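Reviewing the structure listed below.
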Number of protein chains: 2
Amino acid sequence: MRRKRIRNWENRLREEGYKITTPRKSILSVFEQLGGHPNAREVFNNLSSQSPDIGLTTIYRTIELCVRLGILKKYDFGDGHSRYEIANEKTDHHHHIICEKCSKIIEYRDFLDEETTLIKKIQNKLEKKYDFNIKQHVLDFYGLCKECSDNK
Amino acid sequence: MRRKRIRNWENRLREEGYKITTPRKSILSVFEQLGGHPNAREVFNNLSSQSPDIGLTTIYRTIELCVRLGILKKYDFGDGHSRYEIANEKTDHHHHIICEKCSKIIEYRDFLDEETTLIKKIQNKLEKKYDFNIKQHVLDFYGLCKECSDNK
DNA sequence: CCTTTAAATGAAAATGATTATCATTACCAT
DNA sequence: ATGGTAATGATAATCATTTTCATTTAAAGG
């Protein structure tokens with residue numbers, strides 16, 4: 001079995017003819033250090049101490065580029081701003097549990113065996129029945145976390 | 001077994017002390033007639049012929065109210081605007097298949113038996129493990145519909 | 001039916017996230 | 001080092017949604 005070399009984002013950018021710039025390094029480094037699912041503004045805020053001259057525009061552009069190249073994954077949890085996370089073997093693929101009050105997000109990937117199997121099965125059924133070419137799915141659970149359940 | 005009377009939205013509003021107004025009637029009637037998952041602007045456009053004097057503001061306000069009272073269900077498919085649909089026994093509960101190119105949305109509720117069972121099982125596991133009170137879930141599939149697969 | 005009054009409405013402005021414009025700057029191949 | 005081109009940042013523009021506030025209206029009582 002051929003072991004695929006794990007490409008970091010610098011190589012990915014180079015591969016596609018994009019330049020490795022200081023802002024891009026800073027932005028990606030924030031994603032690496034922050035973890036979680038930050039949105040554009042959170043990245044901006046975290047950057048303001050170290051690199052105050054990087055504009056919000058550049059952050060949006062870099063994120064857009066990285067999503068397009070598969071370096072970042074984009075999520076929409078319905079709270080009004082898109083969220084992102086570095087895509088790699090470790091983060092791929094997982095589901096979420098989202099607190100509807102405080103927006104805390106838990107990601108889990110310790111699927112039940114049946115979980116994976118069944119989703120594939122459903123997917124196959126749907127592809128035939130509705131003539132769709134299904135590429136991905138989202139299974140997210142919404143509710144209240146412990147803290148928000150208590151403070152009510 | 002007591003048969004619960006099916007309340008229509010007028011009764012729901014009255015119950016909660018809200019008034020039954022002409023704009024509200026028109027807006028809800030659009031949802032009833034249109035079907036699907038319209039967004040605020042689509043409702044507005046569909047209203048413009050019959051009731052040109054209903055403002056977009058009122059549509060947003062009515063929608064917000066109806067979502068809060070459980071008359072409408074709110075969805076976010078990540079295409080930049082929230083979408084809604086009348087909540088009732090018939091529409092509840094379903095999953096979606098969404099075309100990433102043309103945003104066509106198919107909803108299905110002919111779940112495999114295992115589909116329902118397994119999701120409950122996963123939910124139970126997650127509630128214990130992460131101390132969450134899970135209220136609902138979203139299982140949506142994303143891909144390309146027949147037409148968009150072809151025209152490529 | 002007519003009055004009263006708080007709730008509902010509409011127009012317009014405000015907001016907040018994201019995108020486009022455009023002049024300036026900085027990679028990087030030569 | 002340097003030139004060409006992509007990248008950047010400031011600013012303005014969009015677009016969906018929310019807020020403000022003066023005006024209108026549903027519905028309760030007489």
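Note that the structure is a prediction, hence the values are computed from the model and not measured. We name chains A, B, ... by the order of the sequence lines, and we start the count at 1 in each one.
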Mind calculating the distance between OH (A/Tyr18) and C1' (D/dA7) to the nearest angstrom? 12 Å
Atom CZ of A/Arg14 and atom C1' of C/dC28: how far apart are they, to the nearest Å? 11 Å
Are more than 12 heavy atoms, taken from residues, nucleotides or ligands other than B/Asp110, located less than 6.0 Å from that residue's CG atom? yes
Between protein and nucleotides 12-23 of chain C, map the contacts as a letter string: B base, S sugar-phosphate only, - none, heavy atoms under 4.0 Å, written 5' to 3'. B----SBBBB--
From NZ of A/Lys19 across to C1' of C/dA29 the rounded distance in Å is 10 Å
Just the rounded figure in Å: distance from P of D/dT19 to CD1 of B/Ile59. 17 Å
Heavy-atom side-chain proximity of A/Arg83 to A/Glu42 below 4.5 angstrom: yes
Pair A/Lys101-A/Glu147, salt bridge (charged side-chain N to carboxylate O under 4.0 Å, His left out): steps then yes or no: CA-CA 10 Å; A/Lys101 192 178 274 179; A/Glu147 292 69 40; over 6 Å; no
Could you tell me how far apart B/Ile27 (CD1) and C/dG10 (P) are, to the nearest whole angstrom? 8 Å
Within this structure, what is the CG-to-P distance between A/Leu13 and D/dA7, rounded to whole angstrom? 9 Å
Within this structure, what is the CD-to-P distance between A/Glu16 and D/dA7, rounded to whole angstrom? 12 Å
So, is A/Thr58 close to the D/dG9 phosphate, meaning a side-chain N or O under 4.0 Å from OP1 or OP2? yes
For atom CZ of B/Phe44 and atom P of C/dT9, their distance in whole Å: 15 Å
Under a 4.5 Å cut-off applied to non-hydrogen side-chain atoms, are B/Tyr84 and B/His37 in contact? no
Check the phosphate of D/dA7 against A/Thr62, side-chain N and O only, distance under 4.0 Å to OP1 or OP2. Yes or no? no
Looking at A/Thr21, does any N or O in its side chain come under 4.0 Å of the phosphate oxygens OP1/OP2 on D/dT8? yes
Parallel under 30°, tilted from 30 to 60°, perpendicular over 60°: which one fits the rings of B/Tyr108 and A/Tyr130? tilted
Is the shortest distance from a Lys or Arg side-chain nitrogen in B/Arg109 or B/Glu107 to a carboxylate oxygen in the other one below 4.0 Å? yes
Does the distance from a Lys or Arg side-chain N to an Asp or Glu carboxylate O, for B/Arg12 and B/Glu15, drop under 4.0 Å? yes
